[in-house]
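Here's the structure, in structure tokens; my notes come after.
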Amino acid sequence: MCPDPAILCRRIPGLLGTAAATLLLAVVGMPTPAAACSICRCGDTTFNALGRDGYAAAGWRLALDWERFDKDEGEAEEGQESQVENRTTALVSYGFNDRFTLAARVPYSRRELTESEEGESETTRTDGLSDPEIYAQLRLWASSFAGDLGRRASLTGTLGVKTPWGENDLEAGGERLDEHAQPGTGSTDVFGGLGFLYLLDARSALFASASYRAMGENDRGYRYGDVASASFAWEHKLGRRFDGVLALDARSAGKDREDGVADGDTGGELLYLSPRLLVDLGRGLVLRAGAQVPIADDLNGHQTERAVLNVGMTWVLAP
């Protein structure tokens, strides 16, 4: 799965080997990146988008992803919201060397919010720019070179900011739309994390990550709950062109607050089982497809979260 077998595969075999370390950083999250925590993605978005070469090699990396989110909040008798989001995200990163990388993510969101009460429902559809993110990744420690494996273990850190530049003032009929229908959150958030990678052999790797995202409050007095997330994954090469990943992604989110008042149907804990398949198409192109399937939850109030679907393409440019 390495675009340049003569160099990259010799250093750390397997496309997801280094991706693992990137996953470890736990940005999105990135996201949950660029998404309100009422609809968000666990795991490391850089790892998902760029694979193991997302941080450990110099040069440019480009990625384009489509994701679908789906959840319900509240009770039908008292008022229920059904949210569906289709998000397209462009990512660009530049590695100055094998230790330091800068990256930016720019999402575009299409949302469908259906509000139901007393047997009647109304659907609002919106689309627009969501909140871009800018972040840096730094390898803090790495083991000595171990033969053909290269650096067998590494520790990496990530620090970044989600900007308030997305659209957060969409209106209909002269009135501002519901917060959950807005493509952007209107807030400035900061996030950071640590990740650890261990290469089992030339075909397999283990990786784990932990991260935290502190949410800001927007001009309307709305603040999404802070999010802590963690991931543990196993990567294995399935052949010359295929890599497989099986991960457990966990998320713990606080309740959303509006003018200081907590929303009882937001936040809580969730555990996903996340399989993913990568296909090396050659010429630096990698096709990715995966899902995050909820397998356990302890969500506040009345909430239902469904599987998150992801399809993407990565282009690795030779330095």
Side-chain angles (χ1 to χ4, degrees), residues 1-31 33 43-63 91-105 133-161 190-213 229-235 243 245 247 249 278 284 286 314 316-319:
M1 295 296 298
C2 300
D4 185 353
I7 300 176
L8 300 179
C9 292
R10 175 172 56 83
R11 293 177 57 189
I12 303 180
L15 173 65
L16 294 178
T18 301
T22 308
L23 163 99
L24 313 176
L25 310 186
V27 292
V28 132
M30 170 245 343
D44 188 319
T45 52
T46 306
F47 163 67
N48 180 62
L50 298 182
R52 75 171 184 89
D53 299 310
Y55 86 101
W60 293 96
R61 305 287 186 272
L62 307 176
L91 185 152
V92 57
S93 76
Y94 181 75
F96 293 86
N97 48 49
D98 64 353
R99 293 192 60 198
F100 182 69
T101 295
L102 287 178
R105 302 178 70 254
E133 290 184 340
I134 303 169
Y135 59 96
Q137 297 182 162
L138 177 65
R139 192 183 71 208
L140 303 175
W141 171 85
S143 63
S144 301
F145 279 94
D148 293 339
L149 281 179
R151 300 186 185 276
R152 187 157 200 154
S154 62
L155 178 69
T156 311
T158 294
L159 185 64
V161 60
V190 294
F191 55 89
L194 290 173
F196 182 76
L197 162 69
Y198 184 77
L199 300 176
L200 295 172
D201 53 38
R203 299 180 62 85
S204 301
L206 295 176
F207 36 96
S209 68
S211 67
Y212 192 82
R213 178 177 292 257
S229 61
S231 295
F232 180 79
W234 173 65
E235 172 268 331
D243 275 69
V245 177
D249 296 322
L278 291 85
V286 177
T314 300
V316 179
L317 285 71

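Keep in mind that this is a model prediction, so the values were computed, not measured.
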Quiz item: Got a sec, which residues hit ring-ring contact (aromatic ring centres under 6.0 Å, His included) with Trp141, two or more places apart in sequence or on another chain?
Solution: none
Quiz item: Are Arg151 and Phe145 side-chain neighbours, meaning at least one heavy-atom pair lies under 4.5 Å?
Solution: yes
Quiz item: Which heavy atom in Tyr135 sits nearest to a heavy atom in Thr158, and how many Å separate them?
Solution: CD1-CG2, 4.0 Å
Exercise. Just jot down the side chain to side chain contact (heavy atoms under 4.5 Å, CB included) partners of Leu200, sequence neighbours excluded, or say none.
Key: Tyr198, Ser204, Leu206, Trp234
Practice problem: Kindly give the heavy-atom pair with the smallest separation between Ser231 and Asp249, and that separation in Å. | Solution: OG-OD1, 2.7 Å
Quiz item: Measuring from Phe196:CZ to Ser209:OG, what's the distance to the nearest 0.5 Å?
Solution: 13.0 Å
Exercise. Check for a donor-acceptor pair, side chain of Arg139 on one end and backbone N or O of Asp98 on the other, with a separation under 3.5 Å.
Key: yes
Practice problem: Nearest 0.5 Å please: distance from the OG1 atom of Thr101 over to the CZ atom of Phe96. | Solution: 8.5 Å
Self-check item: CD1 on Ile134 to CG on Leu159, rounded to 0.5 Å
Solution: 12.0 Å
Quiz item: When rounded to the nearest 0.5 angstrom, what is the spacing between CG in Leu140 and OG1 in Thr156?
Solution: 6.5 Å
Exercise. Give, for atom CD of Gln137 and atom CZ of Arg99, the distance between the pair rounded to the nearest 0.5 Å.
Key: 13.5 Å
Quiz prompt | Reported OG-to-CG distance for the pair Ser143 and Leu197, which is rounded to 0.5 angstrom | solution = 9.0 Å
Self-check item: Main-chain N/O of Leu199 paired to Arg152 side chain as donor or acceptor, under 3.5 Å
Solution: yes
Quiz item: Are Thr314 and Leu278 close enough that some pair of their side-chain heavy atoms sits under 4.5 Å apart?
Solution: no
